[in-house]
There are 2 protein chains.
Amino acid sequence: MSSSKASGIGRASGADKASGADKASANGKSTTGRPYHHGDLRRAILTAALDAIAVDGPSGLSLRDLARRAGVSHAAPAHHFKDRAGLLTAIAAEGFGLLATALREAADLKEAGVRYVRFAREHPAHFQVMFAPELLRAGDLELTTARALASDALREAVTTVPPEGRGADARLAGVAAWSLAHGFATLLLSHNLDGPVGDRDPEEVFRVLAEMLFRRGE
Amino acid sequence: MSSSKASGIGRASGADKASGADKASANGKSTTGRPYHHGDLRRAILTAALDAIAVDGPSGLSLRDLARRAGVSHAAPAHHFKDRAGLLTAIAAEGFGLLATALREAADLKEAGVRYVRFAREHPAHFQVMFAPELLRAGDLELTTARALASDALREAVTTVPPEGRGADARLAGVAAWSLAHGFATLLLSHNLDGPVGDRDPEEVFRVLAEMLFRRGE
DNA sequence: AGGCAATCTTGTCATTGTCAAGTTGCGCGG
DNA sequence: CCGCGCAACTTGACAATGACAAGATTGCCT
């Protein structure tokens with residue numbers, strides 16, 4: 001039951017491929033002018049994959065289905081991402097990059113946690129893939145550097161925690177914050193907190209949790 | 001009778017519930033036995049699946065491979081578990097049952113968290129499947145009841161938190177504890193804490209984190 | 001203009017999940 | 001004691017998928 005006809009991301013849009021007339025839009029983005037070679041298929045497949053993953057999870061992803069959605073042949077994705085693992089690795093790397101920039105703007109550790117949760121909610125597909133190691137190519141350079149970037153951003157945020165937070169070991173404070181945020185985000189995405197959180201804003205709920213963790217004398 | 005030690009997931013342990021078909025071959029003798037109908041294939045496939053999942057993750061699971069490992073034909077698993085989702089659902093249900101009994105023996109909320117982490121480490125395959133909703137049959141009765149059981153056990157543990165834990169809302173304290181434990185366990189299993197935790201005992205590390213959360217005046 | 005390399009297509013193969021019959025052997029009612 | 005039914009498995013088939021190998025097409029560079 002695949003359904004999900006083309007349309008949406010791909011070109012389609014009624015243009016036969018021989019349309020040599022319109023080659024404008026060198027910067028792929030507009031909905032109409034795909035310069036034959038699809039403009040940039042790589043992006044199209046990535047976004048199609050993100051859509052699919054957000055719905056069915058990374059396991060249900062089908063390269064052929066993505067190709068169909070993008071309106072290209074079944075082997076086209078393999079040219080950009082070598083195989084399934086390659087595609088997912090690219091997604092994970094992109095996710096770590098996005099997360100790194102999101103964390104970098106955080107004022108303190110609590111705010112970093114809030115941004116972590118927000119990231120998971122705004123990019124659920126990225127988030128899921130990022131933490132599914134058995135689906136990724138472990139050694140990939142782009143992935144490891146992006147992950148290191150995000151890791152640095154988190155580490156930097158940890159330094160902002162007030163030292164009188166009796167955790168003593170700053171590293172453990174970081175692990176605590178990461179665990180709390182990651183667990184909350186994961187449970188949220190897997191709909192395990194629908195009851196407790198209810199209709200409250202998840203980020204506000206998390207703020208309360210974070211305050212429980214980093215309760216200073218104040 | 002099901003309250004045997006939790007570590008016994010080995011092979012051919014007592015069945016969990018129904019399956020009243022086995023009466024003659026109740027005793028597991030047979031070194032070469034293979035009472036033709038394989039004894040109990042259901043258990044064999046479950047344990048084979050747990051092994052495979054622990055190595056390759058739930059996504060890489062192949063029913064045909066499990067059948068091969070069990071020495072049966074490729075369609076044999078389908079008779080016990082209707083399909084892939086059925087098998088994984090059975091695993092998840094079993095996992096929630098195990099988790100429920102593990103949590104029930106906890107003295108307080110912190111200890112419940114420790115047991116949560118221990119469960120994840122001792123039953124990584126169960127744990128991964130339990131929180132991969134898109135792989136499960138959502139409406140399954142056995143699953144939902146087992147999940148409710150575990151949820152009750154956790155809720156009960158929450159009541160043991162000292163009320164002066166300034167979280168005020170007991171529900172939020174539960175969410176905090178769950179998030180912390182779940183995040184720690186998840187990051188642990190995905191090898192994201194190999195650095196920070198190092199060679200220390202993860203449960204001890206988690207104890208420190210839990211103390212950061214539920215710091216009372218003391 | 002001509003060639004080259006990137007991009008995409010077509011074709012193919014092994015593997016897998018799932019369904020639809022068959023087959024085997026145990027136990028139960030007669 | 002016996003055959004009959006039923007549960008546990010087997011055999012066979014089919015569509016879908018991932019991956020690979022060549023071939024076709026086009027933009028670009030010189």
Side-chain angles (χ1 to χ4, degrees), chain A residues 1-4 6 10-12 15-28 33-46 48-49 52 56 58-89 134-137, chain B residues 15 18-26 30 33-46 48-49 52 56 58-89 134-135 137:
Chain A
M1 57 184 75
S2 56
S3 66
S4 75
R11 39 126 170 253
D16 44 340
K17 32 187 67 179
S19 65
D22 61 348
K23 57 175 60 180
S25 78
N27 192 354
R34 299 296 194 211
Y36 177 82
H37 269 330
H38 189 285
D40 74 311
L41 219 196
R42 187 184 157 93
R43 221 333 130 195
I45 293 204
L46 276 176
D56 292 326
S59 316
L61 195 78
S62 155
L63 292 184
R64 285 173 116 104
D65 183 49
L66 297 182
R68 248 169 273 141
R69 296 199 202 192
V72 295
S73 84
H74 60 92
H79 187 262
H80 292 275
F81 322 91
K82 154 127 176 140
D83 54 4
R84 236 178 87 98
L87 169 59
L88 292 172
T89 300
E134 62 270 352
L135 299 181
L136 309 179
R137 232 197 312 254
Chain B
S19 79
D22 59 348
K23 45 182 58 177
S25 64
S30 79
R34 269 300 279 290
Y36 178 80
H37 274 328
H38 187 286
D40 73 312
L41 219 194
R42 185 183 160 93
R43 206 34 189 165
I45 293 205
L46 276 176
D56 292 326
S59 317
L61 195 78
S62 155
L63 291 183
R64 285 173 117 106
D65 182 50
L66 297 181
R68 248 170 270 140
R69 295 199 203 193
V72 294
S73 84
H74 66 258
H79 187 261
H80 292 275
F81 321 92
K82 155 129 175 137
D83 55 4
R84 237 178 87 99
L87 169 58
L88 293 172
T89 299
E134 61 271 353
L135 300 180
R137 227 189 323 246

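By convention in this document, chain letters (A, B, ...) are assigned in the order of the sequence lines, proteins followed by strands, and residues within each chain are numbered from 1. It should be emphasised that the depicted structure is a prediction, and the values quoted were computed from it without experimental measurement.
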[X]: which residues meet the side-chain contact (heavy atoms from CB on, under 4.5 Å) condition with it, sequence neighbours left out?
X	answer
B:A67	B:V72, B:P77
A:A52	A:L61, A:L66, A:R69
A:D83	A:A85, A:R137

Roughly, in whole Å, what's the span from [atom1] in [X] to [atom2] in [N]?
X	N	atom1	atom2	answer
A:R84	C:dT16	CZ	P	14 Å
B:L61	C:dG17	CG	P	8 Å
B:K82	C:dT18	NZ	P	9 Å
A:D83	D:dA21	CG	P	13 Å
A:D40	C:dA6	CG	P	17 Å
B:L66	C:dT15	CG	C1'	14 Å
B:R137	C:dT18	CZ	C1'	13 Å
A:L135	D:dG18	CG	C1'	14 Å

For this session: Would you tell me if any nitrogen or oxygen in the side chain of B:S62 comes within less than 4.0 Å of OP1 or OP2 on C:dG17?
Result: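 So the side-chain polar atoms of B:S62 do come within 4.0 Å of the phosphate oxygens OP1 or OP2 of C:dG17, strictly under.
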
Exercise. Below 4.0 angstrom from OP1 or OP2 of D:dT17, is there any side-chain N or O of A:R68?
Worked result: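 Yes.
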
Problem set entry | Selected nucleotide, minimal atom distance to A:H80 side chain, candidates D:dA8, D:dA19, C:dT7 |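 Within the option list, the nearest is C:dT7.
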
For this session: Check every atom of D:dT10, D:dA8, C:dG17 against the side chain of B:V72 and return the nucleotide holding the closest atom.
Result: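 The nucleotide sitting nearest to the side chain is D:dT10.
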
Exercise. Is there side-chain contact between A:H80 and A:L41, with at least one heavy-atom pair below 4.5 Å?
Worked result: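 Result yes, sub-4.5 Å side-chain heavy-atom pair found.
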
Exercise. Would you say A:F81 and A:L46 make side-chain contact, with heavy atoms under 4.5 Å?
Worked result: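 SC-SC contact between A:F81 and A:L46 confirmed.
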
Anything under 3.5 Å between a protein N or O and an N or O of nucleotides 11-15 of chain D, put it in a table, one pair a line.
residue	atom	partner	partner atom	Å
D:dG12	O6	B:H74	NE2	3.0

For this session: Answer with base, sugar-phosphate or nothing: what part of the nucleic acid does A:L87 contact at a heavy-atom distance below 4.0 Å?
Result: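 Nothing: the residue A:L87, judged by heavy atoms under 4.0 Å, touches no strand.
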
Problem set entry | Residues that B:S62 engages under side chain to side chain donor-acceptor pair (under 3.5 Å), provided they are two or more places apart |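 Counting only residues at least two positions away or on another chain, B:S62 forms no side chain to side chain donor-acceptor pair (under 3.5 Å).
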
For this session: Only counting residues at least two apart or in another chain, list the ones meeting salt bridge (Lys or Arg N to Asp or Glu O under 4.0 Å) with A:R64.
Result: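 With sequence neighbours excluded, A:R64 shows a salt bridge (Lys or Arg N to Asp or Glu O under 4.0 Å) to no residue whatsoever.
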
